[in-house]
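Working notes for the structure below.
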Number of protein chains: 2
Amino acid sequence: MIQRLTEHDRENLQESLATSGQKVTAQREIVFAVLLAKRDHPTVEDVFQRARESMPGLSLATVYNCLETFVGCGLVRQVNHERESTRYCPNLAPHAHFRDEATGHVHDIELPPEIIQSLRSILPAGFNSETIEISFRGRSQETPPRSTSN
Amino acid sequence: MIQRLTEHDRENLQESLATSGQKVTAQREIVFAVLLAKRDHPTVEDVFQRARESMPGLSLATVYNCLETFVGCGLVRQVNHERESTRYCPNLAPHAHFRDEATGHVHDIELPPEIIQSLRSILPAGFNSETIEISFRGRSQETPPRSTSN
DNA sequence: CTTGCAAATTGGAATCATTCCAACTCATTC
DNA sequence: GAATGAGTTGGAATGATTCCAATTTGCAAG
């Protein structure tokens with residue numbers, strides 16, 4: 001399952017990396033492509049396995065490095081649930097996460113701006129938040145509404 | 001710094017444990033007392049250190065066990081931020097957490113019921129959430145408004 | 001072209017929180 | 001006062017992540 005980036009995605013990658021003074025490498029391309037190909041919030045190990053199909057020599061350390069780099073330049077978000085392995089998600093739109101306890105799957109939940117606003121408003125004076133993370137835990141009745149969700 | 005539970009707290013402990021068929025032990029009393037004494041969201045290690053002042057023989061494994069037990073019977077909540085050590089909090093009222101990036105301190109933020117409602121309402125049909133976790137990350141200007149907050 | 005350099009990659013070792021486990025303690029019941 | 005079972009203990013095991021020293025790579029300058 002070889003992954004190739006679209007023009008657009010490759011440019012996005014290139015630019016984001018450039019702004020923090022970093023370059024596109026074969027490894028980064030593949031790791032990024034893996035994230036875009038199946039937006040199921042893979043763990044590092046998942047990404048590693050998938051990326052290896054296209055680049056057998058790729059090392060786990062590099063996957064860690066790439067993902068850290070991407071997070072650093074805002075290309076992807078980290079998703080943590082309890083103390084489980086960190087998962088990665090290339091959806092940059094503001095959204096919450098729903099973790100299905102039955103399957104372990106993580107779904108993105110769109111976050112209306114007014115909710116974000118009202119959340120910000122409950123912070124007492126003097127508290128400045130850069131990030132808000134919202135995660136639901138429970139069961140979803142049906143199979144994921146959109147399997148390749150964002 | 002020996003900790004002793006108030007009548008009320010001890011009863012609370014006793015009852016909560018009883019409902020899941022468990023007993024009050026010296027270790028559990030102390031661990032619980034430590035949590036109530038300073039509600040600063042201590043890590044297991046923190047609790048371990050503090051509890052040892054009252055009970056030098058206490059083992060780390062037991063602290064893990066006690067805290068797990070408490071979480072299981074709803075006496076305390078776990079608080080996770082990123083992949084840092086799990087912290088524990090005896091505040092049962094619905095609340096969010098604010099993690100000060102400068103100090104590492106965690107503050108409770110009261111959660112108005114209507115916010116919880118509106119959050120629940122953004123879940124698509126078929127998603128049933130038992131738990132919602134909200135965490136802010138940022139900086140708080142001043143020293144904690146209420147240092148022994150809950 | 002070569003040379004040199006800095007950034008990136010690599011594999012393996014190290015770390016750290018947490019879990020597991022088998023032995024031991026203790027209170028209670030028969 | 002022996003048996004039972006929950007709770008405790010210390011140490012070993014686990015698993016995700018980080019660290020590190022040794023290459024490799026991509027380029028830029030000569």
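To find a chain, count down the sequence lines: A is the first, B the second, and so on, and within it residues start at 1. The shown structure was predicted, so the numbers you read here are calculated from the model rather than taken from an experiment.
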Quick one: side-chain contact (heavy atoms from CB on, under 4.5 Å) partners of B/Glu110, sequence neighbours excluded?
none

Indicate, with yes or no, if A/Leu13 and A/Leu92 share a hydrophobic cluster defined by side-chain heavy-atom contacts under 4.5 Å among Ile, Leu, Val, Met, Phe, Trp and Tyr.
no

A/Phe32 with A/Val71, same ILVMFWY side-chain cluster at under 4.5 Å:
yes

Of A/Ser85 and B/Ser59, the one whose closest nucleotide on DNA chain D sits nearer the 5' end is B/Ser59

So [X], base contact, sugar-phosphate only, or nothing? Heavy-atom distance under 4.0 Å.
X	answer
B/Thr86	sugar-phosphate
B/Thr62	base
B/Gln22	sugar-phosphate

Given atom [atom1] of [X] and atom [atom2] of [N], what is their separation to the nearest angstrom?
X	N	atom1	atom2	answer
B/Leu60	C/dC21	CG	C1'	15 Å
B/Leu67	C/dT19	CG	P	11 Å
B/Glu84	C/dC16	CD	P	14 Å
B/Arg83	C/dT18	CZ	C1'	10 Å
A/Arg52	C/dT9	CZ	P	15 Å
A/Ile30	C/dA8	CD1	P	17 Å
A/Leu17	C/dA7	CG	C1'	13 Å
A/Phe48	C/dT9	CZ	P	14 Å

Positional range of nucleotides in DNA chain D within the contact set of chain B, heavy-atom, under 4.0 Å:
D/dG7 to D/dT17

Check each of B/His105, B/His41, B/His107 against B/His97 using the ring-ring contact (aromatic ring centres under 6.0 Å, His included) test, and report the only one that passes.
B/His41

A/Glu7 CD: over 12 foreign heavy atoms closer than 6.0 Å
no

I'd like to know if the side chain of B/Thr62 pairs up with that of B/Asn65 as donor and acceptor (distance under 3.5 Å, no hydrogens or angles considered).
no

Please list all pairs meeting salt bridge (charged side-chain N to carboxylate O under 4.0 Å, His left out) that have one or both residues in residues 65-85 of chain A, counting only residues at least two apart or in different chains.
A/Glu82-A/Arg137, A/Glu84-A/Arg99

I want to verify a distance call: between C/dT10, C/dA7, C/dT18, whose nearest atom is closest to the A/Gln27 side chain?
C/dT10

